[in-house]
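Below, chain A is the first sequence line, B the second, and so on; all start at residue 1.
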Amino acid sequence: MAMMRAAATATVTAGTPRGLRGLLFSTLSSSFPFNPPPTNQEKPPPAEPSTNLFVSGLNKRTTSEGLRDAFAKFGEVAHARVVTDRASGYSKGFGFVRYNTLEEAAAGIKGMDGQFLEGWVIFAEYARPRLPPPPLESNGSMYGRQ
DNA sequence: CTTGAGCGA
């Protein structure tokens, strides 16, 4: 009795890894060849063209002046601002740069995107409009509307 | 380090 069990266990244990591995590999290879990623990873443009530029990856010590000076090489910078938390006064690590024309903005993005600034690689792309104001309707604010 | 806030001219 004992030898039967031992023989069976040994046989199964010895043959399991190879058999399973070969089977799985074969199945996976047939089902998933080196095809391109099945995930529909679309790559839409960063944002619609705008004169406002969003720059991220800034160093904590980088200031609006540094941004303006860095982007002024590709066009006239109408406005440059590094976002900082006014509550604590700490830099959030990103900023915004506005040009007067879309051509300058595009030049600034293509010229500064992926470049190093203050020791950090920065990313530049078109910025989106700021957070929209909430409808904010509540009792007391309405004076007979609705 | 990845989407900002200000109001005095």
Open item on the list: If I compare all heavy atoms of A/Asn100 with all of A/Glu76, which pair ends up nearest, and what's the gap?
Closed with: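 Taking every non-hydrogen atom into account, ND2-CD, 3.5 Å.
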Task: Shortest non-hydrogen contact between A/Val82 and A/Thr63, atoms and distance - done: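 In this case the closest contact between A/Val82 and A/Thr63 is CG2-C, 3.3 Å.
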Task: Short side-chain to backbone donor-acceptor contact, A/Thr84 and A/Gly89, under 3.5 Å - done: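 Not confirmed, A/Thr84 side chain does not pair with A/Gly89 backbone.
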- [ ] Give A/Ser91 one of three labels, base, sugar-phosphate or nothing, depending on what nucleic acid heavy atoms sit under 4.0 Å from its own.
- [x]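 Touches nothing.
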Task: Contact nearer the 5' end of DNA chain B, comparing A/Arg81 with A/Gly93 - done: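 Result: A/Gly93.
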Task: Upstream residue (5' side of DNA chain B) when A/Thr84 and A/Asn59 are each assigned their closest nucleotide - done: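 Its nearest nucleotide being more 5', the pick is A/Asn59.
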Task: Start and end of chain A contact along DNA chain B [non-hydrogen atoms, under 4.0 Å] - done: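 Terminal contacting nucleotides, 5' to 3': B/dC1 to B/dG6.
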Open item on the list: As a test of understanding, state which of A/Phe123, A/Phe71, A/Phe96, A/Tyr126 forms a ring-ring contact (aromatic ring centres under 6.0 Å, His included) with A/Phe54.
Closed with: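 Exactly one candidate clears the test, A/Phe96.
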Open item on the list: So, using side chain to side chain contact (heavy atoms under 4.5 Å, CB included) as the criterion, who are the partners of A/Thr51 when residues are at least two apart?
Closed with: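 Side chain to side chain contact (heavy atoms under 4.5 Å, CB included) check on A/Thr51 returns A/Arg98, A/Leu102.
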